[in-house]
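Note that the numbering runs from 1 along the sequence shown for the chain. Both counts, for ligands and for their atoms, begin at 1 and track the order of listing.
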Amino acid sequence: GMDLQVVPIHKHPQYKEQCCNLINDEWKRSTTARMRSLDSSCDNLPTNLILLKENKVIGHCKLSVIPSMRNACFVESVVIDKLLRGNGYGKYLMITAEEYCRNILKLEVIYLSTKGQELFYSKLGYNVCPPVSIYGGSFSSESVLQCEKIENVTNPT
Ligand code: ACO
């Protein structure tokens, strides 16, 4: 009943500017670079998912390719509007993004790395794992917590 929707940005390009502002409010980067990154969202990976509440962008996450792992993705740039944190929206975004990975992209494992949000991800069922090779060769940093979530088969309802 909260009127929440998680959709890929490339299907709803009218939200690109709002999305850009939301991400840049947390991690400052040039608008041009940010927009270019959002422009690469597609039906396969990479995919930028946005969380909409009453037609406003209140959250974002990016699903990136891991070249060496066809059944997995790397989740990055997870962010909820600063004024709306602590209300369960981040949890809703991640759970819905996981469903998208499983049901639409047919992926089985989600990797991410975090320094600072360990509790948020452990509550969602992510476990610590060794660093994974992303971006064709370079490993995700070992100074941060590497997490993985292996999808279970869920009951169809
Ligand atoms: N420390 C401890 N617990 C936390 C934290 C935190 N920083 N953030 C959330 N939680 C807990 C909540 O208490 C809640 O627990 P509960 O289910 O027992 O009630 C649960 O995690 C879910 O919390 P939400 O309210 O859904 O989290 P929120 O909407 O605030 O979103 C997020 C969390 C996305 C991390 C948000 O705080 C944010 O945008 N932070 C700034 C950007 C950031 O750090 N993003 C993560 C980068 S890592 C990555 O992208 C892979």
Side-chain angles (χ1 to χ4, degrees), residues 1-10 15-31 33-38 40-41 45-69 71-102 104-105 107-136 138-152 154:
M2 284 198 290
D3 189 26
L4 299 174
Q5 249 188 306
V6 174
V7 294
I9 192 103
H10 58 279
Y15 292 115
K16 267 196 296 196
E17 195 177 327
Q18 266 192 65
C19 181
C20 181
N21 293 338
L22 174 78
I23 307 168
N24 266 356
D25 202 33
E26 186 68 33
W27 300 288
K28 195 63 201 156
R29 199 173 156 196
S30 88
T31 302
R34 194 64 79 190
M35 280 297 204
R36 203 180 307 129
S37 167
L38 293 179
S40 65
S41 181
L45 295 174
T47 307
N48 294 79
L49 296 177
I50 51 169
L51 174 61
L52 296 172
K53 181 181 160 67
E54 291 148 10
N55 292 314
K56 267 191 59 191
V57 180
I58 68 157
H60 164 271
C61 67
K62 180 176 184 177
L63 314 174
S64 291
V65 75
I66 304 174
S68 57
M69 305 179 94
N71 69 335
C73 71
F74 198 81
V75 177
E76 303 178 278
S77 305
V78 179
V79 63
I80 294 294
D81 186 323
K82 279 183 177 160
L83 299 173
L84 297 172
R85 289 175 194 169
N87 292 302
Y89 295 123
K91 189 176 184 172
Y92 180 86
L93 171 62
M94 285 305 297
I95 289 170
T96 311
E98 289 163 12
E99 286 170 6
Y100 186 92
C101 288
R102 181 175 51 233
I104 312 269
L105 298 175
L107 302 176
E108 290 157 10
V109 194
I110 293 169
Y111 292 95
L112 57 86
S113 81
T114 184
K115 189 172 184 176
Q117 302 295 351
E118 293 81 359
L119 197 55
F120 173 70
Y121 290 111
S122 69
K123 281 184 170 178
L124 283 161
Y126 289 79
N127 298 305
V128 177
C129 71
V132 295
S133 175
I134 47 175
Y135 310 129
S138 74
F139 279 76
S140 55
S141 167
E142 291 184 61
S143 66
V144 295
L145 178 68
Q146 312 299 326
C147 300
E148 68 180 342
K149 184 162 179 173
I150 299 170
E151 291 300 338
N152 294 313
T154 54

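- Considering backbone and side-chain atoms alike, Ile80 places an N or O below 3.5 Å from some N or O of ligand 1.
- Scanning Met94, His60, Lys62, Gln117 for the heavy atom closest to atom 44 (O) of ligand 1 points to Gln117.
- Only the side chain of Lys123 comes within contact range of ligand 1, with a heavy atom under 4.0 Å; no backbone atom does.
- Using a non-hydrogen distance threshold of 4.0 Å, Gly59 does not register as a contact of ligand 1.
- With atom 30 (O) of ligand 1 as the reference point, the heavy atom nearest to it among Gly90, Gly86, Cys61, Ser77 is part of Gly86.
- Each of Lys16, Lys62, His60 was evaluated against Asn48; a single residue qualifies, His60, per the side-chain hydrogen bond (donor to acceptor under 3.5 Å, both in side chains) test.
- Of the N or O atoms in Val78, one or more lie within a sub-3.5 Å distance of an N or O in ligand 1.
- Residue Thr114 has no nitrogen or oxygen atom sitting less than 3.5 Å from a nitrogen or oxygen atom of ligand 1, judged on distance alone.
- Close contacts of ligand 1 with Asn87, meaning ligand atoms under 4.0 Å from a residue heavy atom, involve 25 (O).
- Listed by atom number, the atoms of ligand 1 under 4.0 Å from Ser113 heavy atoms are 48 (S), 51 (C).
- If you check which protein heavy atom lies closest to atom 17 (O) of ligand 1, you get Lys91 NZ, 3.1 Å.
- Distance check for atom 1 (N) of ligand 1: every protein heavy atom is found at 4.0 Å or beyond.
- Summarising the contacts of atom 48 (S) of ligand 1 with Tyr126, Tyr111, Tyr121, the nearest heavy atom is found in Tyr121.
- Note that atom 32 (C) of ligand 1 has no protein non-hydrogen atoms nearby, at separations under 4.0 angstrom.
- Within ligand 1, counting atoms from 1 as listed, the ones closer than 4.0 Å to a heavy atom of Val79 are 39 (O).
- Residue-ligand proximity, Gly88 to ligand 1, at heavy-atom distances under 4.0 Å covers atoms 24 (P), 25 (O), 26 (O).
- Each of the following atoms of ligand 1 lies closer than 4.0 Å to a heavy atom of Glu76: 50 (O).
- Closest to atom 36 (C) of ligand 1, if we only count protein heavy atoms, is Arg85 CD, 3.7 Å.
- Of the listed residues (Phe120, Tyr92, Phe74), the one carrying the non-hydrogen atom nearest atom 27 (O) of ligand 1 is Phe120.
- Proximity of Val75 to ligand 1, defined as any heavy-atom pair under 4.0 Å, is confined to the backbone N, CA, C and O atoms.
- Taking a 6.0 Å sphere around CD of Glu26, one finds it holds more than 12 heavy atoms contributed by other residues, nucleotides or ligands.
- The contact set between ligand 1 and Glu26, taken as ligand atoms under 4.0 Å from a residue heavy atom, comprises 41 (C), 42 (C).
- Within ligand 1, counting atoms from 1 as listed, the ones closer than 4.0 Å to a heavy atom of Tyr89 are 26 (O), 29 (O).
- With a 4.0 Å heavy-atom cut-off, ligand 1 is reached by no atom of Leu84.
- The single protein non-hydrogen atom nearest to atom 3 (N) of ligand 1 is Leu119 CD2, 3.8 Å, given as residue, atom name and distance.
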